[in-house]
Enquirer: 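Encoded as structure tokens, here's the structure I'll be asking about.
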Protein chains: 2
Amino acid sequence: MSASSPAPPLRSRATGRVTLADVARLAEVSPITVSRALRGERAVDPALIERVKDAAAKLGYVPDPAARALASQRSSHVAVLIPALSNALFVDLLEAAQRTLRPAGYQTLIGITHYDPIEEEQLLREQLQHRPAGLLVTGLDRSEATRALITASGVPCVHLMETSDAPGVYSVGLSQEEAGAAMTRHLLARGRRRIAFAAAQLDPRTLQRLAGWRREMVNAGLHDPALEWLNPAPSSLAEGARMFEQIAAHRPADKPPVDAIFFCNDDLAQGALLAALRLGVAVPAQIAIAGFNDLTGSDQMVPPLTSVRTPRSEMGRAAAQMLLGLMRGETPPAPSLDLGFDLVVRGSS
Amino acid sequence: MSASSPAPPLRSRATGRVTLADVARLAEVSPITVSRALRGERAVDPALIERVKDAAAKLGYVPDPAARALASQRSSHVAVLIPALSNALFVDLLEAAQRTLRPAGYQTLIGITHYDPIEEEQLLREQLQHRPAGLLVTGLDRSEATRALITASGVPCVHLMETSDAPGVYSVGLSQEEAGAAMTRHLLARGRRRIAFAAAQLDPRTLQRLAGWRREMVNAGLHDPALEWLNPAPSSLAEGARMFEQIAAHRPADKPPVDAIFFCNDDLAQGALLAALRLGVAVPAQIAIAGFNDLTGSDQMVPPLTSVRTPRSEMGRAAAQMLLGLMRGETPPAPSLDLGFDLVVRGSS
DNA sequence: CTGAAAGCGCTTACAG
DNA sequence: CTGAAAGCGCTTACAG
């Protein structure tokens with residue numbers, strides 16, 4: 001029992017975890033060198049890097065995110081703010097972003113704003129307390145306070161879904177207005193004249209699509225405010241069915257009937273298609289129907305739904321990649337990335 | 001310029017953050033007392049609590065999660081493992097859980113397993129490095145290694161979707177087998193005899209529903225292995241349409257035709273309903289169709305889809321509440337909570 | 001019921 | 001290119 005080693009310290013709070021110090025001891029260097037070698041920061045002698053990496057692997061060393069965050073004032077989290085998970089659009093966006101960020105060592109922290117600027121601001125405040133390394137937010141419209149919070153935090157931020165030319169703003173998206181205009185031109189080209197625009201939720205991007213529709217209708221000399229059906233309720237199949245019933249039932253004596261409806265989102269259009277089926281309204285013979293986002297199931301509808309395919313997985317991936325660059329301190333080749341859209345013409349129009 | 005205050009320390013890394021020490025100074029107590037007063041841990045003189053809270057409010061103090069995690073070896077994260085976000089079922093579950101956990105100060109860390117036990121194990125390893133305060137996992141089936149990781153971590157864990165009687169296992173769910181049996185009994189009661197069970201993805205819960213169907217079919221003396229259509233592909237409307245076409249086209253000479261199809265999930269059943277419409281197959285006259293989970297849109301289908309409503313928001317909320325209790329060190333009244341299900345009979349059956 | 005000391009496991013800021 | 005010291009902002013473990 002000749003205890004040559006010193007007695008364990010009285011106030012031990014040892015966690016059993018392999019630490020940087022353990023790796024440093026095995027590699028016979030200082031902890032700082034281990035830290036630098038493992039993070040690839042600053043030049044370290046290649047031979048030492050090798051030795052450190054071997055030691056780390058041998059011990060199964062895993063950095064402690066909390067210690068790292070406390071010391072560096074920056075966590076390994078990326079905060080993502082999206083309006084809802086009920087719209088498949090955002091689910092795809094999120095999955096793609098996560099798929100890019102996770103291999104790079106970042107955890108995703110999701111905040112659901114329910115399309116509410118107040119909730120968005122509150123969520124952002126909470127997330128900023130975790131000192132995220134990066135930020136992914138939906139769209140460009142938000143409260144002045146939220147915008148100021150983002151700027152003041154100094155956290156790299158990329159905006160999703162829309163594009164912006166404002167200095168210092170990074171964005172990956174598409175022109176919602178052009179997409180709305182393109183669909184309207186398609187319906188006009190098919191000979192439709194009384195094209196209604198039907199929208200729910202009325203978020204900023206929906207209103208941009210509305211602007212595109214309005215521009216083309218005015219250009220064609222066919223605009224009529226009575227063709228705008230704007231409904232602040234959340235978007236859903238049931239809501240789309242209700243709106244279709246209303247629009248189809250609305251037959252003013254002094255105007256020709258609606259011959260096409262452009263819905264701002266596919267779930268509404270799918271509901272409309274089902275309502276038309278129930279009511280015996282022939283699509284597209286009597287009324288053409290078009291949607292937006294080309295969501296799951298749209299190609300299965302009867303008739304299949306004409307829509308605008310938006311590159312949501314690509315947006316999620318590209319935005320995450322731009323953010324990774326910003327977090328490394330790089331300047332992206334272009335601050336704004338327009339990923340475009342595709343018109344998908346199917347049987348409903 | 002009579003600088004009576006000492007020069008600022010040379011090696012300042014001040015963050016400008018309001019710290020526990022600032023609050024302690026203003027309240028004229030020690031930092032430990034502030035820590036205890038704010039967390040409600042251990043008895044502290046009520047008068048002091050008051051003083052501390054006032055001081056904290058006055059300074060706008062917000063605890064630093066990283067420092068807290070490092071010192072306590074437990075973060076404010078709850079890790080959630082779900083198979084996919086493409087099934088609306090899990091979106092609802094997640095939203096409900098988050099809605100309960102966030103007000104209690106917990107951030108949700110989402111891991112998507114893609115129904116893969118290997119991915120689940122890897123995700124769990126990553127998440128455990130963040131020392132989550134709690135764990136929410138889907139179902140009871142997982143690799144032995146994953147199970148061992150959970151146990152060894154000592155992190156409180158609640159299982160979603162199914163219920164278990166195993167000691168030390170906490171769960172909130174429903175009997176998938178009973179739900180499958182109930183739907184089958186309903187179809188039998190309607191006079192259906194050749195009831196097919198059509199499934200995709202083939203995850204554990206789907207197989208439990210299959211077992212319920214099989215039990216009732218055997219009991220009724222009507223079971224036939226040829227009625228089982230098991231497809232490992234991911235579940236979707238398009239896949240449901242394909243399966244319906246196959247099943248409808250399969251007309252062996254020696255057996256009566258299928259007169260009902262019980263799909264393991266509503267998206268498949270919705271796709272089948274649309275395929276029936278395209279093919280001119282009368283539902284329910286010729287074939288009854290039933291689904292599972294009562295997802296969005298099922299009530300809008302033509303005809304409306306018969307389904308099983310599963311209490312997913314309730315499950316998410318109840319599981320989160322049980323977890324909050326466990327994280328506080330409490331023992332839940334019952335380790336297993338069965339929230340049941342409702343048969344929703346609509347026009348398709 | 002309250003507190004002084006130590007420690008959690010990293011990185012920053014200097015210095016050489 | 002490398003390292004000794006200090007510090008990030010909390011909580012734990014003791015002691016009284």
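Protein chains get the first letters and strands the later ones, always in sequence-line order, with residue 1 at the start of each.
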Enquirer: Report yes if at least one side-chain N or O of A:Arg17 is closer than 4.0 Å to OP1 or OP2 of C:dG9; otherwise report no.
Expert: no
Enquirer: Calculate the interatomic distance between A:Arg39 atom CZ and C:dG9 atom C1'; express it in whole Å.
Expert: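 The answer, rounded to whole Å, is 13 Å.
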Enquirer: If you count the non-hydrogen atoms of other residues, nucleotides and ligands that lie under 6.0 Å from CD in B:Glu50, is the total more than 12?
Expert: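 Result for CD/B:Glu50: open.
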Enquirer: Quick one: does B:Arg142's side chain have a donor or acceptor within less than 3.5 Å of a partner on B:Thr138's backbone?
Expert: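 Yes; judged by distance alone, with no hydrogens or angles, the pair exists.
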Enquirer: Is A:Ile150 close to A:Val155 at the side-chain level, that is, under 4.5 Å between some pair of heavy atoms?
Expert: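 No, every pair of side-chain atoms sits at 4.5 Å or beyond.
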Enquirer: Atom CD1 of A:Ile49 to atom C1' of D:dC1: distance rounded to whole Å?
Expert: 11 Å
Enquirer: Quick one: B:Gln129 CD to C:dG9 P, roughly how many Å, whole number?
Expert: 14 Å
Enquirer: Look at the rings of A:His77 and B:His130 and say which category their plane angle falls in: under 30° parallel, 30 to 60° tilted, over 60° perpendicular.
Expert: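 Tilted, since the angle between the ring planes falls between 30° and 60°.
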Enquirer: Could you list by number each residue of residues 66-78 of chain B showing a heavy-atom separation from DNA chain C of less than 4.0 Å, or answer none if no residue does?
Expert: B:Leu70, B:Ala71, B:Gln73
Enquirer: List in numerical order all residues of residues 20-35 of chain B for which some heavy atom is under 4.0 Å away from an atom belonging to DNA chain D.
Expert: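 Within this stretch, B:Leu20, B:Ile32, B:Ser35 sit under 4.0 Å of the strand.
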Enquirer: What residues, two or more places apart in sequence or in another chain, satisfy salt bridge (charged side-chain N to carboxylate O under 4.0 Å, His left out) together with B:Arg51?
Expert: none
Enquirer: B:Arg131 CZ to C:dC8 C1': how many Å, rounded?
Expert: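 So the two atoms are 9 Å apart, to the nearest Å.
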Enquirer: For D:dT11, does OP1 or OP2 lie under 4.0 Å from any side-chain N or O of B:Arg36?
Expert: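 For D:dT11, OP1/OP2 do not have a side-chain N/O of B:Arg36 under 4.0 Å.
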Enquirer: Taking Watson-Crick and G-U wobble pairs with both distances under 3.5 Å, convert DNA chain D into its dot-bracket string, 5' to 3', dots for unpaired and | for cross-strand pairs.
Expert: |||.||||||||.|||
Enquirer: What do you reckon, is CD of A:Gln73 surrounded by more than 12 foreign heavy atoms closer than 6.0 Å?
Expert: yes
Enquirer: Are side-chain N/O atoms of A:Arg39 and A:Ser35 paired as donor and acceptor at under 3.5 Å?
Expert: yes
Enquirer: Kindly state each residue pair satisfying salt bridge (charged side-chain N to carboxylate O under 4.0 Å, His left out) with at least one member in residues 61-73 of chain B, sequence neighbours excluded.
Expert: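 Salt bridge (charged side-chain N to carboxylate O under 4.0 Å, His left out) check on residues 61-73 of chain B returns B:Arg17-B:Asp64.
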Enquirer: Between A:Arg317 and A:Glu314, is there a salt bridge with N-O shorter than 4.0 Å?
Expert: no
Enquirer: Which pair of heavy atoms, one from A:Ala334 and one from A:Met322, lies closest together, and at what distance?
Expert: O-CE, 3.6 Å
Enquirer: Among all residues two or more places apart in sequence or in another chain, which pass the salt bridge (charged side-chain N to carboxylate O under 4.0 Å, His left out) test with A:Glu126?
Expert: B:Arg102
Enquirer: Between B:Leu59 (CG) and D:dG9 (C1'), how many Å, whole number?
Expert: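 Computing the B:Leu59:CG to D:dG9:C1' distance gives 15 Å.
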Enquirer: Rounded off to whole Å, could you give me the CG-to-P distance for the B:Asp45 and C:dG3 pair?
Expert: 10 Å
